[in-house]
Structure formats: C-alpha cells, structure tokens
Engineer: 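Before anything else, here's the structure in question.
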Amino acid sequence: MKIAIIGQGYVGLTISAFASEHFDVVGFDSNETLIGQLNSGVSHIEGIESSLISQRIDAGRYRATNKGIDIQGCDVVVIAVPTPLTPDRKPDLGFIEAACKTIGENLTKPALVINESTSFPGTLRNYIKPAIEKYSPITIEHLYAISPERVDPGRTDFNQKNTARLFAGLTEEASLLTKKFYSTFCDNLFEVSSPEVAEAAKLFENTFRQVNIALVNEFAQIAHSLGISVYETLDAANTKPYGFMKFSPSAGVGGHCIPVDPPYLAAVAEEHGAPATFIRRANEVNLQMSEYIVRRVAADNGGNLQGKHVLVVGVAYKPNVADVRETASELVIKHLRNLGAAVSWHDDVVGTWKGESSTPLQGADITVVVTKHDSVDEKKILASAPYVFDTTGKVRGAKGL
Ligand SMILES: NC(=O)c1ccc[n+]([C@@H]2O[C@H](COP(=O)([O-])OP(=O)(O)OC[C@H]3O[C@@H](n4cnc5c(N)ncnc54)[C@H](O)[C@@H]3O)[C@@H](O)[C@H]2O)c1
C-alpha cells in the first residue's frame, strides 16, 4: 500500500515514521522549508530521530513533498493538519479545508481517507467528505474514517505502538480497512460505533484535563489564602487509593490541545443548545492564572515591578519540548511588562521565539519559573536572582504557588 500523510508536524511526522516501516509513505506538507529539511534527513520534532528519517529515505520508504500530484495513486490518505481557534476562539477548519482541496484535486482512484486532526463531532461526515467531493473534478467513492491522535510529544513510555487507538469508519468497509492499516504498527485498537463518538471522545479527554487543571489552579489560590501548601495538600489527598486523580497547579495551560480542544466541544454543544459552563469557566480560570501569578510576584516585591529586571525561565508550553504554541509564558510576560518590568527569558530548548533569544540564567532582580526543562539546573535558577517565584513546584527553596 502507498500512504500519503497530509501535514508533517508533530502528528503527521510521527505517523509517517511508524507507517514507513511497513509502507511507502509520502509526507505532504505546505511548508517548503520543512520539506527540504525532512528530505535531507532532519527531523524537527522530539521523539522522532533524524537518523530514522534518513534510514527511511535511503530505503525508499519515505519522502516529503509539497506537490499535490505526489499523493496521486495512494491507497490511504491520513489528514494531520492544525485545527486551531479563530481570534474569537471558535473552531477554525481552514487547514482541514485546504487539506481536503489537496486530496480532492489530486486523487484519481478510490482511497481510504482517515482524519487524525482533532475536531468536533460531525467533522468527518459533514465537512471532510463533502469538501473532498466538492474539490474532486471527477466522482470517486472514497472510504472515510476517523482515528483521533493521542501522541504526547517527548513522552517515551507511551507511543504509537502501545497507546490504545480509537477508530470508526463512515461505513463498515472503511472501519475494516482502517483497522488493517493501524494494526501494522499499533497493538491496541478500539472500534467505536460511529465517527462522532471517536471525535467526541478525543475532545472529552482533553476537556477532562482542562477542567481538572482549572480546578487545581483555583485550589492553589484557595490554599494560598488559607496559608497552607497546595502541594502538601494535594499529596495528602493523593494518598486515597481510589476516587482521586492528582493534577498540579501551573501558570496556565499551553500546547495545541488543552487550550484549543475544549472550545471545539463548547462550540458544538452551544450550537445544539446544550450547556458548556464548566468548559467556558475552566478556560477563564486557566487564562487568569498568569495574572494571579504576576500579582503575587508584585505583592512580594513592594507592589511595584517598574524597571525591575525579571527573568522568565521556560517559554515552552511544557518541559523538555521546544513547542511554544499557546504557552502560558506569553501571558506571564505580557502582564509583567504591563507592570513596567524589563522582561527577558531563558529557554535553551526553544532558543529563539517572537524575535527574541534565550538569555543567560543570571543577573536578574526577579526570576519567575514557568516551565522547567530537566536540563535546567535548580541551583542556577535559585542563584539567578534574589527573589525566585516557581510556578512548577519543582524548585525547592523558591517562593511558589
Ligand atoms: N501535537 C500534539 O501533541 C497532538 C496530539 C494529538 C492530536 N493533535 C492534533 O493533530 C492535528 C495536527 O497537530 P500537530 O501538532 O501535528 O500540528 P503541527 O503544527 O505540528 O503540524 C501541522 C503541519 O501541517 C502543515 N500544514 C498546514 N496546512 C497544511 C495543508 N493544507 N496541507 C499540508 N500541510 C499543511 C503545517 O505546515 C505543519 O507542518 C491537530 O488537529 C491537533 O489538534 C496534536
């Protein structure tokens, strides 16, 4: 079988790496620079080694392209493009639409089209299938399926092989072929009764995390007002062997999933007249955490940050990755600057971001730790400023939530 994977980012390149062990894979991406990089054997994501990409290229199993015509003749096409929010935080299916255009315009024989991009229930049936048919100059009966992606970039204990994968086809034949495709590299496949259930399950997984993170972020504020340690209280609650799951407070949620997926569920809920109150409120609480932290830092420093050199440690949205999408650091920096602080940041994993570069971990008046990569030394953080506020709970001896 020949496979095309539309989008070669975190999800698409990961699937390409696993699938190209068994099949010929064409990795299609609209980013020309990325195509050049991948074809010279350089991986841009954590967890996929450049040496693996080179091996697959040398074996004739993988190549990247930005030419739609190269997906012609493929038996399976996997969609793995971004599904962000519009500026007013509504679902933006623009990238899905563009991917459907590429598929519709270039496939000349029936294929199995699988969507791995996260979106609301009904996306496969009501958007993807009609869009591909709209762009196809000829009538072709493709098969359609959904298999939401669960990759956690940077994670080593769970991967494509041992993470359970949900799937459902629009037809029985589509489900059967989808199972056949993924079973070549995934040990644990779980079929659900409709694409809508698979789409909703993916959104609910991330909404569950968003709401629980918001709850623990609110609890961190309650614990501080009571003069008790949020971490000690959570550890104490976590001794209960059932009915409790520990989440940790933070400066907010980042990445392409937790801040983005719940609004997809809220939008479709409200469209159907159902309430999405927890989702909306959780989003507000998580967004407000950055402001709460900056207020705490200002209060500890005489209520005034004017002209103070504040160093923010960690601008990636989570430890040990270079991904800065929706990072809470952006809001922390914004609020610090609003109070007149001179802000620089240290993150050698990210390197450069928004036209600024990582600065040395030293010489600040105030240090605020938002994300702590394993490579960043705790002692150096403590020595970087006379006042250190840690939002991660990992820097012993610092002030914190
Ligand atoms: N990153 C994760 O951890 C993760 C986990 C589970 C699900 N998802 C979901 O998977 C989807 C993809 O996310 P990602 O993290 O891989 O995104 P990404 O930004 O890392 O990669 C997307 C890639 O698609 C390319 N692209 C954009 N439009 C295109 C088009 N029309 N044709 C071809 N290529 C196009 C971009 O250039 C980019 O390289 C999203 O729906 C996301 O919510 C992501």
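Note that the structure is a prediction, hence the values are computed from the model and not measured. For ligands, and for the atoms within them, numbers begin at 1 and follow the listed sequence.
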Engineer: Could you list which atoms of ligand 1 come closer than 4.0 Å to a heavy atom of N31?
Structural biologist: 37 (O)

Engineer: Pull out every atom of ligand 1 sitting under 4.0 Å from any heavy atom of A99, numbered as shown with elements.
Structural biologist: 31 (N)

Engineer: Hey, is S117 touching ligand 1 through its side chain, its backbone, both or neither, going by heavy atoms under 4.0 Å?
Structural biologist: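 Answer for S117: both.
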
Engineer: Out of curiosity, Q37 CD to H44 NE2, how far, rounded to the nearest 0.5 Å?
Structural biologist: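 Answer for the CD-NE2 pair, Q37 versus H44, is 7.0 Å.
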
Engineer: Does any N/O atom on G12 come nearer than 3.5 Å to any N/O atom on ligand 1?
Structural biologist: no

Engineer: Does E149, backbone or side chain, put an N or O under 3.5 Å from an N or O of ligand 1?
Structural biologist: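 N/O-N/O distance under 3.5 Å: no.
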
Engineer: Would you find more than 12 non-hydrogen atoms of other residues, nucleotides or ligands less than 6.0 Å from K101 atom NZ?
Structural biologist: no

Engineer: Indicate yes or no: does an N/O atom of D152 lie under 3.5 Å from an N/O atom of ligand 1?
Structural biologist: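 The answer is no, given that D152 and ligand 1 share no N or O pair closer than 3.5 Å.
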
Engineer: Are Y62 and E21 linked by a side-chain donor-acceptor pair shorter than 3.5 Å?
Structural biologist: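 Distance-only check fails for Y62 and E21.
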
Engineer: Suppose we measure from atom 12 (C) of ligand 1 to each protein heavy atom; which comes out shortest, and what is that distance?
Structural biologist: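 I find the closest protein heavy atom is V81 O, 3.4 Å.
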
Engineer: Tell me the contacting part of L34 for ligand 1: side chain, backbone, both, or neither, using a 4.0 Å heavy-atom threshold, strictly below.
Structural biologist: side chain

Engineer: Looking only at side chains, do S358 and D348 share a donor and an acceptor under 3.5 Å apart?
Structural biologist: yes

Engineer: Heavy-atom contacts under 4.0 Å between C257 and ligand 1: side chain, backbone, both, or neither?
Structural biologist: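 C257 to ligand 1: side-chain contact only, backbone stays beyond 4.0 Å.
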
Engineer: Using a 6.0 Å cut-off, check whether atom NZ of K246 has over 12 heavy atoms from anything other than its own residue.
Structural biologist: yes

Engineer: Starting from atom 17 (O) of ligand 1, what is the nearest protein heavy atom, named by residue and atom, and what distance separates them?
Structural biologist: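 Here the closest protein heavy atom is R325 NH1, 3.3 Å.
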
Engineer: Hey, what do you get for CD1 (I79) to OH (Y144), rounding to the nearest 0.5 Å?
Structural biologist: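 Result: 8.5 Å between the selected atoms.
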
Engineer: Could you walk me through whether D347 and H373 pass the side-chain contact (heavy atoms from CB on, under 4.5 Å) test, one step at a time?
Structural biologist: CA-CA 8 Å; D347 191 326; H373 299 301; 2.9 Å; yes

Engineer: Give me the nearest non-hydrogen protein atom to atom 9 (C) of ligand 1 as residue plus atom name, then the distance to 0.1 Å.
Structural biologist: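 I find the closest protein heavy atom is T118 OG1, 3.4 Å.
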
Engineer: Hey, which atoms in ligand 1 end up nearer than 4.0 Å to a heavy atom of I6?
Structural biologist: 32 (N), 33 (C)

Engineer: Which residue, R325, H335, K354, forms the side-chain hydrogen bond (donor to acceptor under 3.5 Å, both in side chains) with E330?
Structural biologist: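 Going through R325, H335, K354 one by one, the side-chain hydrogen bond (donor to acceptor under 3.5 Å, both in side chains) with E330 is satisfied by K354 alone.
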
Engineer: Which one of S30, P82, G27 has a non-hydrogen atom at the shortest distance from atom 34 (N) of ligand 1?
Structural biologist: S30

Engineer: Please determine if R150 and E205 form a salt bridge, counting it only when a charged side-chain N lies under 4.0 Å from a carboxylate O.
Structural biologist: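 So R150 pairs with E205 through a salt bridge.
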
Engineer: Give the atoms of ligand 1, by number and element, whose distance to some non-hydrogen atom of T83 is under 4.0 Å.
Structural biologist: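 Those of ligand 1 that fall under 4.0 Å from T83 are 40 (C), 41 (O), 43 (O).
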
Engineer: Kindly confirm or rule out an N or O of K202 lying under 3.5 angstrom from an N or O of ligand 1.
Structural biologist: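 In fact, backbone or side chain, K202 has no N or O that close.
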
Engineer: Using a 4.0 Å cutoff against the non-hydrogen atoms of A98, which atoms of ligand 1 qualify?
Structural biologist: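 Atoms satisfying the 4.0 Å criterion: 31 (N).
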
Engineer: Tell me which protein heavy atom sits closest to atom 44 (C) of ligand 1, plus the residue, atom name and distance to 0.1 Å.
Structural biologist: V11 CG2, 3.4 Å

Engineer: H22 vs F185 aromatic rings, parallel, tilted or perpendicular, using cut-offs 30° and 60°?
Structural biologist: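 The rings of H22 and F185 lie parallel, inter-plane angle below 30°.
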
Engineer: Between F208 and F247, what is the ring plane arrangement, given parallel below 30°, perpendicular above 60°, and tilted in between?
Structural biologist: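 Rings of F208 and F247: perpendicular, as their planes differ by over 60°.
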
Engineer: Report yes if some N/O of T102 lies less than 3.5 Å from some N/O of ligand 1; otherwise report no.
Structural biologist: no

Engineer: Just which atoms of ligand 1 are under 4.0 Å from any heavy atom in G9?
Structural biologist: 16 (O), 18 (P), 20 (O), 21 (O), 23 (C), 39 (O)

Engineer: Got the closest protein heavy atom to atom 23 (C) of ligand 1, with its distance?
Structural biologist: D29 OD2, 3.5 Å

Engineer: Is the number of heavy atoms from other residues, nucleotides or ligands under 6.0 Å of E173 CD greater than 12?
Structural biologist: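 No, not enclosed.
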
